[in-house]
Trainee: 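Submitted below is the structure of interest, expressed as structure tokens.
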Amino acid sequence: MKLPESYYHNPDVVALSRDLIGKYLFTNIDGELTGGYIVETEAYAGVNDKAAHSYGGKVTPRTQTMYMQGGISYVYLCYGIHEMFNVVVSGEGHPHAILIRAVHPTDGLDVMMLRRNMEIVKPNITKGPGSVAKALGISRKINAMTLQSDVIWIEDRGLTFSNEEVAAGPRIGVDYAGNDALLPYRFYVKGNIYVSKPNK
DNA sequence: GAGATGATTAGCT
DNA sequence: GCTAATCATCTCC
């Protein structure tokens with residue numbers, strides 16, 4: 001049921017971001033299975049996107065992961081506190097990535113609560129990219145890991161959302177990117193309680 | 001080797 | 001709504 005390697009080789013990162021809505025993301029870290037279906041994504045489109053780390057074809061020890069063959073993870077630390085999980089897509093040399101911003105949890109809720117230091121399940125348990133990574137146990141240790149592994153993977157369980165249920169809009173937290181900050185590269189399920197920020 | 005900064009979040013007002 | 005927390009990474013010297 002895992003999405004095949006070829007799924008990630010699509011060079012149209014924006015179309016894939018839309019398609020990932022409703023897919024199931026799972027991790028099996030330290031023997032604890034956690035996961036749920038994706039309700040919010042953002043596309044980061046290669047060398048021409050000012051908001052992407054890879055803008056202008058920049059390659060550094062951190063960003064080299066984005067240039068690898070699609071179908072792997074890209075995990076990195078932001079603000080010294082939050083780790084973010086991205087899916088690398090397209091082919092080698094094309095630094096396209098999709099940031100997973102929110103997940104609707106279905107499995108391992110108790111484990112997520114422990115990781116998040118929560119007593120009860122609240123919507124913000126997997127709301128926002130930093131929260132998703134923490135709840136699912138994602139860390140930089142699994143940077144550049146293939147999504148065909150048994151540690152982290154994405155499944156298609158036949159869940160789909162219609163175009164009426166999915167909205168597109170500008171990305172969050174990329175105001176510095178000038179005109180590119182306005183691109184409708186963010187996709188989310190309207191009204192879902194796990195979606196961050198504007199939600200209508 | 002030092003200085004600036006960010007795909008953010010939580011907690012308080 | 002506002003702001004502190006907090007550090008790997010990048011950019012120059």
Side-chain angles (χ1 to χ4, degrees), chain A residues 8 13-14 16-18 20-21 25 38-68 70 72-90 94-105 112-145 147 152 154 167-189 192-199:
Chain A
Y8 303 102
V13 63
V14 178
L16 271 181
S17 300
R18 165 65 181 86
L20 277 177
I21 300 288
L25 170 66
I38 297 165
V39 293
E40 186 178 4
T41 62
E42 280 181 10
Y44 285 86
V47 299
N48 297 317
D49 181 357
K50 289 200 185 95
H53 292 153
S54 52
Y55 175 63
K58 188 167 59 175
V59 183
T60 67
R62 178 179 67 163
T63 62
Q64 65 175 346
T65 302
M66 293 180 72
Y67 290 82
M68 296 166 77
I72 62 173
S73 66
Y74 172 43
V75 183
Y76 88 102
L77 185 70
C78 188
Y79 294 98
I81 307 173
H82 306 292
E83 288 173 302
M84 315 249 180
F85 169 65
N86 302 251
V87 178
V88 177
V89 300
S90 191
H94 299 273
H96 296 308
I98 300 169
L99 171 67
I100 306 301
R101 291 190 57 87
V103 162
H104 185 125
M112 294 188 199
M113 285 161 52
L114 282 176
R115 287 176 178 151
R116 303 269 292 134
N117 291 319
M118 288 177 164
E119 312 254 314
I120 54 167
V121 176
K122 290 186 278 192
N124 67 349
I125 191 167
T126 53
K127 175 167 159 171
S131 302
V132 170
K134 189 167 186 187
L136 298 192
I138 292 169
S139 73
R140 279 159 293 159
K141 277 185 272 188
I142 56 175
N143 181 43
M145 181 171 287
L147 300 176
I152 182 165
I154 299 175
R171 290 169 292 185
I172 308 289
V174 293
D175 298 341
Y176 60 86
N179 289 335
D180 285 347
L182 304 174
L183 293 169
Y185 282 4
R186 172 172 177 255
F187 298 91
Y188 58 97
V189 178
N192 186 284
I193 58 171
Y194 296 101
V195 172
S196 61
K197 293 268 173 153
N199 185 12

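Chain identifiers are assigned alphabetically (A, B, ...) following the order of the sequence lines, protein sequences preceding nucleic acid strands; residue numbering begins at 1 within each chain. Both backbone and side-chain heavy atoms feed into the values below; hydrogens, waters and symmetry mates do not.
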Trainee: Rounding to an integer number of Å, can you tell me how far A/I81 CD1 sits from B/dT5 P?
Mentor: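 In whole Å, B/dT5 P lies 17 Å from A/I81 CD1.
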Trainee: Can you tell me the distance, in whole Å, between the CZ atom of A/R101 and the P atom of B/dT9?
Mentor: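 The answer, rounded to whole Å, is 6 Å.
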Trainee: When all nucleic acid strands are considered with a 4.0 Å heavy-atom cut-off, which category describes A/Y74: base, sugar-phosphate, or nothing?
Mentor: base
Trainee: Taking syn as within 90° of 0 and anti otherwise, name the glycosidic form of B/dA4.
Mentor: anti
Trainee: Looking only at heavy atoms, which two atoms of A/I100 and A/I38 are closest? And how far apart?
Mentor: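 The pair with the smallest heavy-atom distance is CD1-CD1, 4.0 Å.
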Trainee: Compare the aromatic ring of A/Y44 with the six-membered base ring of B/dA7 and state whether they stack according to the 5.5 Å and 30° rule.
Mentor: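 Stacked: centres under 5.5 Å apart, planes under 30°.
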Trainee: Roughly how far, to the nearest 0.5 Å, is CE of A/M66 from CD1 of A/I72?
Mentor: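 Result: 10.0 Å between the selected atoms.
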Trainee: Using the test salt bridge (Lys or Arg N to Asp or Glu O under 4.0 Å), find all partners of A/R116 that sit at least two apart in sequence or belong to another chain.
Mentor: none
Trainee: Nearest-Å distance, CD (A/E42) to C1' (B/dG6)?
Mentor: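 Spelled out: CD on A/E42 to C1' on B/dG6 is 14 Å.
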Trainee: Measure OH/A/Y176 against C1'/B/dT8 and give the value in whole Å, please.
Mentor: 12 Å
Trainee: Which of residues 46-59 of chain A sit near DNA chain B, with a heavy atom under 4.0 Å from it?
Mentor: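 Per residue number, the list reads A/A51, A/A52, A/H53.
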Trainee: Checking contacts here: which listed nucleotide (C/dA5, C/dA8, B/dA7) is nearest the side-chain heavy atoms of A/R140?
Mentor: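 Nearest to the side-chain atoms of A/R140, counting from C-beta on, is C/dA8.
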Trainee: For A/P170 and A/A181, work out which heavy atoms get closest and say how close.
Mentor: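 Looking at all heavy atoms of both residues, the closest pair is CB-O, 3.6 Å.
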Trainee: Using a 6.0 Å cut-off, check whether atom NZ of A/K141 has over 12 heavy atoms from anything other than its own residue.
Mentor: no
Trainee: Any idea which of C/dA5, B/dA7, B/dG6 is nearest the A/A97 side chain?
Mentor: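 Of the candidates, B/dA7 comes closest.
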Trainee: From the set B/dT8, C/dA8, C/dT9, return the single nucleotide nearest to any side-chain atom of A/I172.
Mentor: B/dT8
Trainee: Determine the minimum heavy-atom distance between A/I154 and A/Y8, stating which atoms define it.
Mentor: CB-OH, 3.5 Å
Trainee: Wobble G-U and Watson-Crick pairs count when both distances are under 3.5 Å; given that, what is the 5' to 3' dot-bracket string of DNA chain B, with | for pairing to other strands?
Mentor: ||||||.|||||.
Trainee: Which nucleotide in the set B/dT8, C/dC7, B/dA7 lies at the smallest distance from any side-chain heavy atom of A/L77?
Mentor: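 Given the options B/dT8, C/dC7, B/dA7, the side chain of A/L77 is closest to C/dC7.
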Trainee: Rounded off to whole Å, could you give me the NZ-to-C1' distance for the A/K122 and B/dT9 pair?
Mentor: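 Interatomic distance, NZ of A/K122 to C1' of B/dT9: 13 Å.
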Trainee: Between B/dA7 and A/R186, is there an OP1 or OP2 to side-chain N/O distance shorter than 4.0 Å?
Mentor: no
Trainee: Taking all non-hydrogen atoms of both residues into account, name the closest pair between A/V195 and A/K127 and its distance.
Mentor: O-CE, 3.8 Å
Trainee: Find out whether A/V132 and A/R101 are in side-chain contact, i.e. whether some heavy atom of one side chain is under 4.5 Å from a heavy atom of the other.
Mentor: no
Trainee: Among the candidates C/dT9, B/dA7, B/dT8, find the nucleotide nearest to the side-chain atoms of A/P129.
Mentor: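 Closest of the options to the side chain of A/P129: B/dT8.
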Trainee: Hey, is the side chain of A/R116 poking within less than 4.0 Å of OP1 or OP2 on B/dT9, counting only N and O atoms?
Mentor: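 So the side-chain polar atoms of A/R116 never come under 4.0 Å of the phosphate oxygens OP1 or OP2 of B/dT9.
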Trainee: How close or far is atom P of B/dT8 from atom CG of A/N124, stated in whole angstroms?
Mentor: 16 Å
Trainee: Tell me the interatomic distance from A/R62, atom CZ, to B/dT5, atom C1', rounded to whole angstroms.
Mentor: 11 Å
Trainee: Can you tell me how far apart CG (A/N143) and CD1 (A/I138) are? Round to the nearest 0.5 Å.
Mentor: 11.5 Å
Trainee: For A/N117 and B/dG11, what is the distance between atoms CG and P respectively, to the nearest whole Å?
Mentor: 10 Å
Trainee: Checking contacts here: which listed nucleotide (B/dA10, C/dC7, B/dA7) is nearest the side-chain heavy atoms of A/Y76?
Mentor: B/dA7
Trainee: Looking at every non-hydrogen atom in both residues, tell me the closest pair between A/H96 and A/G46 and how far apart they are.
Mentor: ND1-N, 3.1 Å
